[in-house]
Structure formats: C-alpha cells, structure tokens
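What you see below is based on every heavy atom in this structure, not just the backbone, and it leaves out hydrogens, waters and symmetry mates.
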Amino acid sequence: MEKVKITPIQLFVLYVLFEHGSALVISLGTDAKQDAWLSILIGMLGGLFLYYIYYRLYQFYPGKPLTSYAQEIIGSFFGKLVAFLYILYFLYLSSRVLRDFGELLLTFAYPNSPLFIINTIMILAIMYAVHKGIEVLARTGELLFAFLYFLAITGFLLVIISGLIDLNQLKPILEEGIVRILDVAFKQTVYVPFGEMIAFT
C-alpha cells in the first residue's frame, strides 16, 4: 500500500478549513443575543480542551484510528460500540453538511434547481477529491487557504476603513448574566464547530 504523507502545515490548513466549513454559513451562538461572541469564545476554549484530549490520545496510540484504540481503552464490546457510533456520527455529519450547503446554494444562487441535482454535483466533486487522495486534497487546501485569507484580511481592512464598526452594538454585555452564555457555549458552540474536530482522530 502506498505511504501517504502531508506536511504539518498542510494538516494545520485542513484543520482550519474544516473548522470554517459550514460554521461560516450557520448562525452560531445566537441564543446568547449580543453576547454571542462571548459564547463562541468560551466554546472555542472548550474546543481547545477537546483538541488536547484528541492530541493526547494520538500520542498514546500513534498510527491507530479511534475505532481501534477505543477497543483497547474500554474493552472489545464497548469499543466496537463506540466505533459504530463514531461511524454513524460521520454519516450524520457529512449528510447534514451536504444538506446545509445544498440549501444555501438553492437560497442564494440556484432557486429553481432541484436540491437532488445540486447535492449530486457536490457528491461527485467529493468522490473525485477522495479518489485523488489526501495529498492532493491537502495541496488544494493550501491554495484555498491562501486565497480565503487574502479575501478575509482584505475585507476586514475595508470594513475597518469604512468606519462601519460600532462597538456600542455589543452593549449591554452580560445583560442576561453569565449563565445564559455558558449554557449556549456548552450546549452549542463547543460541539459545532469545535467538537467536530473528532473527525481528525
């Protein structure tokens, strides 16, 4: 079997692009109202803690996927159950993201097209990327990353220059207390998008 290698920078790019994914098109933390930014930051801290757990598991079991080392940690039966749930989670996550992007494209670009056709085209693109392999995907990710962040930084600078930023829109901070923010953070933003990093285990 051919040995596949990607650089640490390419892995980092895949992490970042994965985290952006559909998080850019869904409204995160809106239940916290004007404190949504706080709930997202707290969710990010929770996500970093989860990432640390994934990293430590990788250090203890290098070269093994979660489906293998789960059986070593909690036994054969429960390990296989966790592996099965892990696979189900992947199926759920991929189908949900596919549906989200299909709905997004229908809403703003192709309102008269059938959702089935839009999703089929995306599935064909995904199949082609999988066929080409992780190395090609990682190199393509590097190009996309550079382009994406060039646009993001340019847009950010233009917004600052235009004077559209009004920090008073953040007030009142903690109007409904910290409990509401923590509730939104731990029930929503920790898991989407940060908890989804489990896909890399």
message = Would the distance check show the side chain of Arg180 and the main-chain N or O of Asp31 forming a donor-acceptor pair, the cut-off being under 3.5 Å?
response = yes

ask   = Is there a donor in the side chain of Tyr15 and an acceptor in the side chain of Glu19, or the other way round, less than 3.5 Å apart?
value = no

key: Derivation and outcome, ring-ring contact (aromatic ring centres under 6.0 Å, His included), residues Phe18 and Phe200   = CA-CA 10 Å; Phe18 178 83; Phe200 282 86; 5.2 Å; yes

ask   = Charged N to carboxylate O under 4.0 angstrom, Lys33 versus Glu175?
value = no

Closest heavy-atom pair and its distance - Ile178, Leu174 = CD1-CD2, 4.0 Å

query = According to the interplanar angle, ranging from 0 to 90°, do the rings of Phe145 and Phe12 count as parallel (below 30°), tilted (30 to 60°) or perpendicular (above 60°)?
reply = perpendicular

Nearest-0.5 Å distance, CG of residue Leu28 to CE of residue Met44 = 13.0 Å

ask   = Which atom pair, heavy atoms only, marks the closest approach of Leu50 to Val190?
value = CD1-CG1, 3.9 Å

Under 3.5 Å donor-acceptor, His20 side chain and Val16 backbone = yes

inquiry  = Could you measure the distance from the CG atom of Asn119 to the CG atom of Leu105? Nearest 0.5 Å is fine.
reply    = 8.5 Å

query = Quick one: does Gln71's side chain have a donor or acceptor within less than 3.5 Å of a partner on Thr67's backbone?
reply = yes

inquiry  = Show, in sequence, the C-alpha distance, side-chain angles and deciding distance for Ile173 and Leu38, and conclude whether the side-chain contact (heavy atoms from CB on, under 4.5 Å) test is met.
reply    = CA-CA 9 Å; Ile173 296 174; Leu38 275 173; 4.0 Å; yes

request  = Say whether Phe60 and Tyr69 are linked into one hydrophobic cluster, either directly or through other cluster members, by side-chain heavy-atom distances under 4.5 angstrom.
outcome  = yes

task = Please confirm whether the backbone N or O of Glu142 pairs with a side-chain atom of Gln10, one donor and one acceptor, at under 3.5 Å?
result = no

task = Decide yes or no on salt bridge (Lys or Arg N to Asp or Glu O under 4.0 Å) for Glu135 and Arg139, but give the supporting numbers first.
result = CA-CA 6 Å; Glu135 289 174 317; Arg139 286 196 300 269; 5.2 Å; no

ask   = Would you say Thr189's side chain and Ser39's backbone share a donor-acceptor pair under 3.5 angstrom?
value = yes

message = Could you go through Tyr86 and Phe90, starting from their C-alpha distance and side-chain angles, then the distance that decides it, and tell me whether this counts as ring-ring contact (aromatic ring centres under 6.0 Å, His included)?
response = CA-CA 6 Å; Tyr86 184 62; Phe90 267 105; 4.9 Å; yes

